[in-house]
Structure formats: C-alpha cells, structure tokens
Trainee: 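Following this message is one structure expressed as structure tokens.
All figures in this text were calculated on a predicted structure; none of them were measured in a lab.
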Amino acid sequence: MILFMLFAVTTFNYADRAILSIAGTAMKSELGFDAVTMGFIFSAFSWAYVLGQLPGGWLLDRYGSKKIYAISIFVWSLFTLLQGGVHFLGALWAVPVLFMLRFMVGLAEAPSFPANGRIVAAWFPTSERGTASAIFNSAQYFATVLFAPLMAWITHAYGWSETFVVMGVAGLVMSMIWLRTIYSPKDHPRLSGAELAHIRDGGGLVEMDQGLGSSAAADAPKVNRGAKLAYLKQLLSNRMLAGVYLGQYCINTITYFFLTWFPIYLVQERGMSILKAGFIASLPAVCGFLGGVLGGLISDKLIKRGFSLTWARKIPIVAGLLLSTTMVLCNYVDTQWMVVGIMALAFFGKGVGALGWAVVADTSPKEIIGLTGSLFNMFGNIAGITAPIVIGYIIKETGNFEWALVYVGANALLAVISYLVIVKDIKRVVLKPLDGAEQPYKKLSGVETR
C-alpha cells in the first residue's frame, strides 16, 4: 500500500508537469506564443523546483515525509487549478502569470521525490529498494499513459483550460487520501512485528521519522540545521556523487523532452492532430513504464545473484541509456509508425536506466537522507530549465526538431560516460564528524548527546 501510494502520487506529480505539453499547441494558437516563449514557460516549473530542493529536504528531515508531502500535494494541485483561468487575462498578461503559476507548482513539488526516497529508505530493505524505487519512478511514464489521452480528449472537447481544472481538483482529493493512508513503519497500525523486523534487519531505516516535529525535538533543529548545511561541502566534493548528479541531469534531459516537447513534435513535425498526438504519446510511455519496472527488477536480481551493488546498478543504467540514444534515428525515417516505434524503444531504454533514486537510497548518509536526495534532485532537474529552452532555440533557429533529437541523444551518451568513468563504486557515504558545536545531536538511551 505504501508503494502504491508513492506510485499514485508520483503519477499525479508528473501529469501536472506534463499538462502544458498537451495543451501547449492549442494555447500557442490562442495566445500567440512562439517556440522560445513556450520553452521559457516550460522551464518555469524547474526554476522553482531546483531552488526548492534544499529547503524541501531540510523540511522533510525536520518534520517528516507524511506531513510535508501532504502539504506539497495540496499546494501544487491548487496552483495547477489556477492555471485554468489564464485565458481570461489575454495574451499580454498570460505569459507572466502562467510563468509564475508554473513556478509555484515547481516550488510546491520540490519535496516530492526526496520524500519518495526517504519513504523507500524507511520501508524497504536494501535488496528490495531497486524495485521499489523503479516502480515509483516509473509513474512518470504511467502518467503519460493514463493522463495524456484523457487530457488530449478534454482539450479537444472542452478546451485547454478545463484540463488544468480537472487535474487540479483531482490532486486536491489525492492530498486528503495521502493523509489517511501513509505512516512511518513503526507507526503503521497494520504492520506486523515480523514485517518490521524484516525491514529493519534488511537495512530499512524504520526509525527515520520517529519524533520529528514533536515538542520533544524542538531544540534539536537549530543544531542539526547548521550541521546539515556544513555537510553540503562533503557531499559536493564526493566524486561518486558528482558522477551520479551529472548522470541524473542527462537522464532528466530525456525526461523533460518527453514531458514538454514530444507531443508538440508529433503535431508540428509529424503532422498529427492534438487528439491523435495525445494517444500516440502514451505508447512510448507504456514502454518507458515497462522498462522502468524491469530495470529495478534486473538490478535487485543481480544483487541476489551475488553481483556487487556497484555493478548491479550500473549494468541496467548503462545498457538502458545506450538504448535510448536510438531516438536520433527518427531523423532518418518518414513514416509515423516507425517514429513511434523508435521513440518507444528509446523511452524503454531510458526507463531501464532510470535507477538514480535507488542509487540515492543506497548512498545517502543516514543522518541527512532528505537533504542528500534534494541535492541529487536539484542537480538533476536543472535539466528542466535548460532542456526546454535549448530545444526551443534549436527549433526556432533550424525550423525543425532534427538537432533537438541529437541534443537529447547526446545527453543519454554523456550519462553513460558519467557512470562508467566518474562513478567508480556505489556505496553509502560516511560523513566525516564535524568539530565543536556543529556536531549533530543523536539520541542515545533517551538522552540527547553530541
């Protein structure tokens, strides 16, 4: 049930990011946007998403995943709903207001994936985390499978603004469901002692959220916050993490192409209608979903067969990303079914290789899992700023998507190089102790001690 809720909420998370790609063609026609303007509007989400990562990670480590995530879902859904009213403002005000609303959606969503990583680290033993992380991460593809046809139909039948209203209301309902179903392992009313022992003995951090946000812990955050910020230097100077961050940036470049420009590519470059593009866009997403789940299963299977953690993660990551470079072949075919087939293959490969969150759960220092996940997510989602804008400029200058596909494929290849050359070993980072008053507090036999 915990994993199902992570999957469901992440599906809404990515659906709300992708609404603009479905409604974008109709919006461009009504409000007169060009490709560069659309690129900047697409990027608005990621400007805020990146800026909100470290504060979001600190909030998660301070107050716990359940409470912060519920607020996050509610707020991003509210701002999604408000985007439905942009058409009342006219072309002059639509751009800045839409940019700001997308910015607020990104800011509200910032804690979501670090929270996913924390919950997986708490609820799953090491040998099950690859599959668990792959399943919640594969929700990004399922979001397109489930919601792209629905949003395309709503846009076609009722108009683009109604799409934002429907998704916003659905997200508000989801925030209420989250509050009633999510618990930390030690607090869950249906968890047996045997299951709790299985999780704990397998490396699950079952006590991660115990006492967070309570009055008993009121004095600890001031000390912990300073210590966590001081630890950032250690994280940023770690070679393994630097390679993981670069790899995630490149992987997310592929993700943001599919989330933003892909449906527009099908309409403008391949001559499909908005309705057809919405349905066609779901086909590669199905393959991405299957690849995402398969990548996690393969990785965990390799661990159980005796492979080192390093190679159990690297093998599917490298193989999958090499497969995703095949999208460049779309530049050399003309028929729509071949384009869709190649994109499906590329998205399948990207899904297999998207194991970054499993690597985060494997490598994050136990003291600052939220902050470490946020730093990883911050670097990765800089791609959400650069990719839409760079692709927008490429399309404007060249008049087509050919070099845009080369740009995305090159990022997949760079991610492979990063994991093979920069990331030597995948292992949990052990923080060096800080001096004096910066030492974090730890609980020992009920006594707060340095």
Side-chain angles (χ1 to χ4, degrees), residues 7-31 33 38-39 41-46 49 73 76-88 94 97-99 101-102 104-106 108-109 112 138-175 255-289 340 343-344 347 384 388:
F7 181 85
V9 169
T10 305
T11 299
F12 275 89
N13 181 308
Y14 269 91
D16 288 345
R17 299 187 199 192
I19 292 176
L20 204 58
S21 67
I22 300 297
T25 302
M27 188 181 293
K28 282 177 63 180
S29 300
E30 181 176 330
L31 299 174
F33 298 160
M38 283 300 297
I41 292 173
F42 279 139
S43 75
F45 170 92
S46 292
Y49 194 67
I73 300 165
W76 94 54
S77 299
L78 178 62
F79 282 108
T80 297
L81 174 64
L82 292 176
Q83 289 173 73
V86 168
H87 68 289
F88 292 115
V97 171
L98 186 58
F99 186 95
L101 290 173
R102 294 291 296 174
M104 294 307 298
V105 171
E109 285 195 11
S112 56
S138 68
Q140 62 183 281
Y141 317 111
F142 188 74
T144 304
V145 175
L146 181 63
F147 287 111
L150 174 63
M151 292 187 293
W153 175 77
I154 294 172
T155 301
H156 176 77
Y158 299 102
W160 59 266
S161 60
E162 279 72 11
T163 309
F164 290 99
V165 174
V166 170
M167 295 305 301
V169 171
L172 294 175
V173 173
M174 176 59 73
S175 68
T255 301
Y256 278 101
F257 167 73
F258 278 98
L259 280 177
T260 58
W261 284 107
F262 180 55
I264 296 175
Y265 165 77
L266 295 177
V267 173
Q268 290 188 0
E269 193 86 353
R270 298 298 174 175
M272 299 182 188
S273 67
I274 295 175
L275 186 60
K276 184 177 181 180
F279 280 90
I280 292 297
S282 69
L283 298 179
V286 170
C287 295
F289 171 76
V340 174
M343 285 296 186
F347 216 21

Trainee: Taking all heavy atoms of Val340 and all of Pro284, pick out the closest pair and write down the distance.
Mentor: O-CG, 4.3 Å
Trainee: To the nearest 0.5 Å, tell me how far Met167 CE sits from Ser77 OG.
Mentor: 8.5 Å
Trainee: Short question: side chain of Trp76, backbone of Asn13 - any donor-acceptor pair under 3.5 Å?
Mentor: no
Trainee: Does the pair Met343 and Tyr265 meet the rule for a side-chain contact (heavy atoms from CB on, under 4.5 Å), with working shown?
Mentor: CA-CA 12 Å; Met343 285 296 186; Tyr265 165 77; 4.1 Å; yes
Trainee: Is the backbone of Glu109 close enough, under 3.5 Å, to the side chain of Ser112 for a donor and an acceptor to pair up by distance?
Mentor: yes
Trainee: Quick check for you: to the nearest 0.5 Å, what is the distance between Ile73 atom CD1 and Leu78 atom CG?
Mentor: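 So the CD1 of Ile73 and the CG of Leu78 are separated by 13.5 Å.
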Trainee: If I take atom CD1 from residue Ile154 and atom OG1 from residue Thr163, how far apart are they, to the nearest 0.5 angstrom?
Mentor: 5.0 Å
Trainee: Go through Val105 and Gln83 one step at a time and tell me if the side-chain contact (heavy atoms from CB on, under 4.5 Å) criterion holds.
Mentor: CA-CA 10 Å; Val105 171; Gln83 289 173 73; 3.5 Å; yes
Trainee: If you round to the nearest 0.5 Å, how far is CZ of Phe45 from OH of Tyr256?
Mentor: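 That separation rounds to 5.0 Å.
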Trainee: For the residue pair Ala344 and Cys287, what are the closest heavy atoms and their distance?
Mentor: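 Heavy atoms of Ala344 and Cys287 come nearest at O-CB, 3.4 Å.
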Trainee: May I have the step-by-step check of side-chain contact (heavy atoms from CB on, under 4.5 Å) for Arg102 and Phe79, ending in yes or no?
Mentor: CA-CA 8 Å; Arg102 294 291 296 174; Phe79 282 108; over 6 Å; no
Trainee: What's the separation between atom CG in Leu266 and atom CH2 in Trp261, rounded to the nearest 0.5 Å?
Mentor: 13.0 Å
Trainee: Which atoms form the tightest heavy-atom contact between Ala170 and Phe12, and what is the distance?
Mentor: CB-CE2, 3.4 Å
Trainee: As an exercise, state the distance from CZ of Phe258 to OH of Tyr14, rounded to the nearest 0.5 Å.
Mentor: 13.5 Å
